[in-house]
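Here is how names work: the chains are called A, B, and so on, in the same order as the sequence lines, proteins then strands, and each is numbered from 1.
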2 protein chains.
Amino acid sequence: MKLNTKSRYAVMALADMAVFSRDNAVSLRDISLRQGISLLYLEQIFLKLKKNNIVKSVRGINGGYILIKTPKELKILDILLALDQKVKTVGCKKDSKKSCNGKSTKCITHNFWDELDFHINSFFENKKLSDLLKNKEARH
Amino acid sequence: MKLNTKSRYAVMALADMAVFSRDNAVSLRDISLRQGISLLYLEQIFLKLKKNNIVKSVRGINGGYILIKTPKELKILDILLALDQKVKTVGCKKDSKKSCNGKSTKCITHNFWDELDFHINSFFENKKLSDLLKNKEARH
DNA sequence: CAAAAACTTGACTATTTTAGTCGGGTATAT
DNA sequence: ATATACCCGACTAAAATAGTCAAGTTTTTG
Ligand code: FES
Ligand code: FES
């Protein structure tokens, strides 16, 4: 039950941007240095964030990335979805013919996992990027 | 963000037991046949369930496993914990010196992941095995 | 214009985790 | 006795993860 680092770094990097940007673009190099994330890895992550309209890019010198939505509007769920991280705790497809057990009927636990997924999804749906920043001063 | 099959099968198998046992032991062979889970895999899973006092075993002919608690009392969380599935969405240890980023201070997103873990944990804490069985008749 | 900063993209790889299997046990009811 | 069923450690193939590399393109600035 682990979140992958890509998603974690994505949230981390966007939180960093929310803190350090005032309309100006934030370069991945800066994020990399501040958050200790590999620059090459960040590039890969931001590619997806860009494709999914979470950020837009500014090329050339003094370039970087800019959040498209404000931190108050940006749902954490949007970030996860951008990285193909559907919240799906088990592999069973809702629509598909095949259930998790390969049979045509749903297994005894199916509804439970659906509930779980919904529960987690709601959390990510309701949390905004700005919520992450709130208790920042509480630490260190 | 996937649950592993071991945990899923464990919940599935225990739900099966809750349905098919009336004080008598349920053999893994029966569970295997009913739920379509490999017998060998089930053995591995039940070994852990036994070690963690979720079930007790009866050896020999007509043997099998018996739930220690009633389905009403058995938390899903207990099942997951038995399989070493702590709900810990990121690798950062709360107590350890090292944070997720290797620095001494907590990263900007740390509190958020803590909240997430708590949110998911609560779900598993409040759900009982019996809750899984409720809407069984709603299907098929 | 030239050079440097910074984004763009696909492919590639080492490591780790997962999802099992295998083999050889031991206990017990009939 | 013997079949049934639990016990347990070790092993492995396959998939996922985390991250790197190479080779660009675009834009700003001196
Ligand atoms: S059939 Fe959907 S989880 Fe098993
Ligand atoms: S998640 Fe704990 S320091 Fe980053």
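Considering every non-hydrogen atom in both B:Thr89 and B:Met1, the closest pair reads CG2-CE, 3.8 Å. Closest approach of A:Lys6 to A:Leu83, counting heavy atoms only: O-CD1, 3.7 Å.
Atom NZ of A:Lys86 sits about 8.0 Å away from atom CG of A:Leu81, to the nearest 0.5 Å.
Formation of a donor-acceptor pair under 3.5 Å by the A:Ser27 side chain with backbone atoms of A:Asp30 is found in this model. Here the side chain of A:Ser38 pairs a donor or acceptor atom with the backbone of A:Tyr41 at under 3.5 angstrom.
As rounded to whole Å, 11 Å separates atom P of C:dG10 from atom NZ of A:Lys48. Atom CD1 in A:Ile45 sits roughly 15 Å away from atom C1' in C:dT8 (whole-Å rounding). Atom CD1 of A:Ile66 is separated from atom P of C:dA6 by 14 Å (rounded to the nearest Å).
In terms of the side chain to side chain donor-acceptor pair (under 3.5 Å) criterion, residue partners of B:Lys48 (sequence neighbours excluded) are, by chain and number, B:Asp84. In this structure A:Lys75 satisfies the side chain to side chain donor-acceptor pair (under 3.5 Å) test together with A:Glu125, sequence neighbours excluded.
For residues 10-20 of chain A, every residue pair satisfying the salt bridge (charged side-chain N to carboxylate O under 4.0 Å, His left out) rule, not counting sequence neighbours, is listed here: A:Asp16-A:Arg34.
Shown for residues 54-61 of chain B: residues whose heavy atoms fall under 4.0 angstrom of DNA chain C, namely B:Arg59, B:Gly60, B:Ile61.
Residue B:Tyr65 is in sugar-phosphate contact alone, with no base atom involved, counting any heavy-atom pair closer than 4.0 Å across all strands shown.
Between A:Lys69 and A:Asp78, at least one side-chain N (NZ, or NE/NH1/NH2) sits under 4.0 Å from a carboxylate O, which counts as a salt bridge.
Put simply, chain A comes within 4.0 Å of DNA chain D, heavy atom to any atom, from D:dA18 to D:dT29, going 5' to 3'.
Along DNA chain D, the nucleotide nearest B:Lys51 and the nucleotide nearest B:Leu28 are compared for position; the residue whose nucleotide lies closer to the 5' end is B:Leu28.
More than 12 heavy atoms of other residues, nucleotides or ligands shown are found within 6.0 angstrom of NZ on A:Lys128.
The ring of B:Phe118 has its center no closer than 6.0 angstrom to the ring center of B:Phe123.
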Protein heavy-atom contacts under 4.0 Å, written 5' to 3' over nucleotides 15-24 of chain C as B (base), S (sugar-phosphate only) or - (none), form the string ----BBBB--
